[in-house]
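Heads up: the structure comes next, in structure tokens.
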Amino acid sequence: MDSGKPSKVQKFTGHWSQGLLTSMDDPELVVKSDDRAVIIKDKYPKAKHHFLVLPKETLPNLKSLKPEHVDLLEHLEKMARHLVDTTDKTLKFRYGYHAVPSMSHLHLHAISQDFDSPCLKTKKHWNSFTTEYFVDSKDVIERLKKHGKVEYDIKENTALLNNDLRCHVCGSAQKNMPALKTHIKCHSYKVES
DNA sequence: GTTCTAGAAC
DNA sequence: GTTCTAGAAC
């Protein structure tokens, strides 16, 4: 007899925080790969171009990095820069990591600085790419070289996500997200020639 | 990480 | 009344 309970028809694909592992195998998202890493398009890009570079080696986060991973991190950044060079040379990009990422599996962001995307919606989105919460790849590598590990204070960095909204170019205060999104259109994100 | 939506802010 | 943000999601 029918119990009246709805049956679970959807396949269990894991917790949302493990989503990057699924995306790494999604041919729709993968744009490049070599023996050490895979580059995918961010499923919810926060700018005109937004890529994620993921090592094939299992590394959950920055905290799992050891001194021997310096070479790998340099490789990830090099791969990202090469992809960007062959994708869009006209826009400025930043290459870096979130200090306290939501998704598991180490991922380097390569993101164009226009932040022109319908997926960019919240203060948290904004501050995660425009405050010190976004740590340049070069700084992470330097830190690993110097200290043999990379660790960021969770409380301190999470607090940055609640910072007041400011333009990442001119620093002007913006009252809300729609105002910010309108304002940032007044700047150019082209590389200087 | 996103979606949804209640209620704050305007 | 509409826009916008913030917090739950079993």
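Proteins come first, then strands; the chains are lettered A, B, ... in the order of their sequence lines, and each starts at number 1. What's counted below: heavy atoms across the whole structure, side chains too, no hydrogens, waters or symmetry copies.
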[X] and [Y] ion-paired at < 4.0 Å:
| X | Y | answer |
| --- | --- | --- |
| A/Glu151 | A/Arg143 | no |
| A/Asp136 | A/Arg94 | yes |
| A/Lys78 | A/Asp34 | no |

Q: Could you list the residues that satisfy side-chain contact (heavy atoms from CB on, under 4.5 Å) with A/Asn61, not counting sequence neighbours?
A: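 In terms of side-chain contact (heavy atoms from CB on, under 4.5 Å), with neighbours along the sequence ignored, A/Asn61 is linked to A/Lys63, A/Ser64.
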Q: Can you sort out the partners of A/Ser17 under side-chain contact (heavy atoms from CB on, under 4.5 Å), two or more places apart, ordered by chain and number?
A: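 Testing A/Ser17 for side-chain contact (heavy atoms from CB on, under 4.5 Å), a comparison that skips the adjacent residues, returns A/His15.
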**Q.** Distance flag, aromatic centroids of A/Tyr97 and A/His109, threshold under 6.0 Å
**A.**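 No, ring centres 6.0 Å or more apart.
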Q.
Checking the side chain of A/Ser128 only, and the main-chain atoms of A/His125 only, is there a donor and an acceptor separated by less than 3.5 Å?
A.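 Judged by distance alone, yes, a pair lies under 3.5 Å.
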Q) Just checking A/Lys124: base, sugar-phosphate only, or nothing, at a heavy-atom cut-off of under 4.0 Å? A)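 The residue A/Lys124 makes sugar-phosphate contact but no base contact.
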Q.
Using a 4.0 Å heavy-atom cut-off, does A/His125 contact any base of the nucleic acid, only the sugar-phosphate backbone, or nothing at all?
A.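 If one applies the 4.0 Å heavy-atom cut-off, A/His125 turns out to touch the sugar-phosphate alone, with no base involved.
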**Q.** Residues touching DNA chain B, which here means a heavy atom under 4.0 Å, drawn from residues 169-187 of chain A
**A.**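 Close to the strand, none.
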Q. Can you tell if the side chain of A/Ile184 reaches within under 4.5 Å of the side chain of A/His168, non-hydrogen atoms only?
A.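 Yes; the side chains approach each other to less than 4.5 Å.
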Q | Contacts of type side chain to side chain donor-acceptor pair (under 3.5 Å), residue A/Ser117, not counting sequence neighbours | A |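 None.
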Q) When you list every nucleotide of DNA chain B with an atom under 4.0 Å from a heavy atom of chain A, which one comes first 5' to 3', and which comes last? A)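 Contacts span B/dG1 to B/dT3, reading 5' to 3'.
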Q) Any stems for DNA chain B, made of 3 or more Watson-Crick or G-U pairs in a row, each with both distances under 3.5 Å? A)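 Expected stems, ordered by start: B:2-10 with C:1-9.
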**Q.** Plane angle bin for A/Phe129 and A/His50 - parallel if under 30°, tilted between 30 and 60°, otherwise perpendicular
**A.**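 It falls in the perpendicular class, over 60°.
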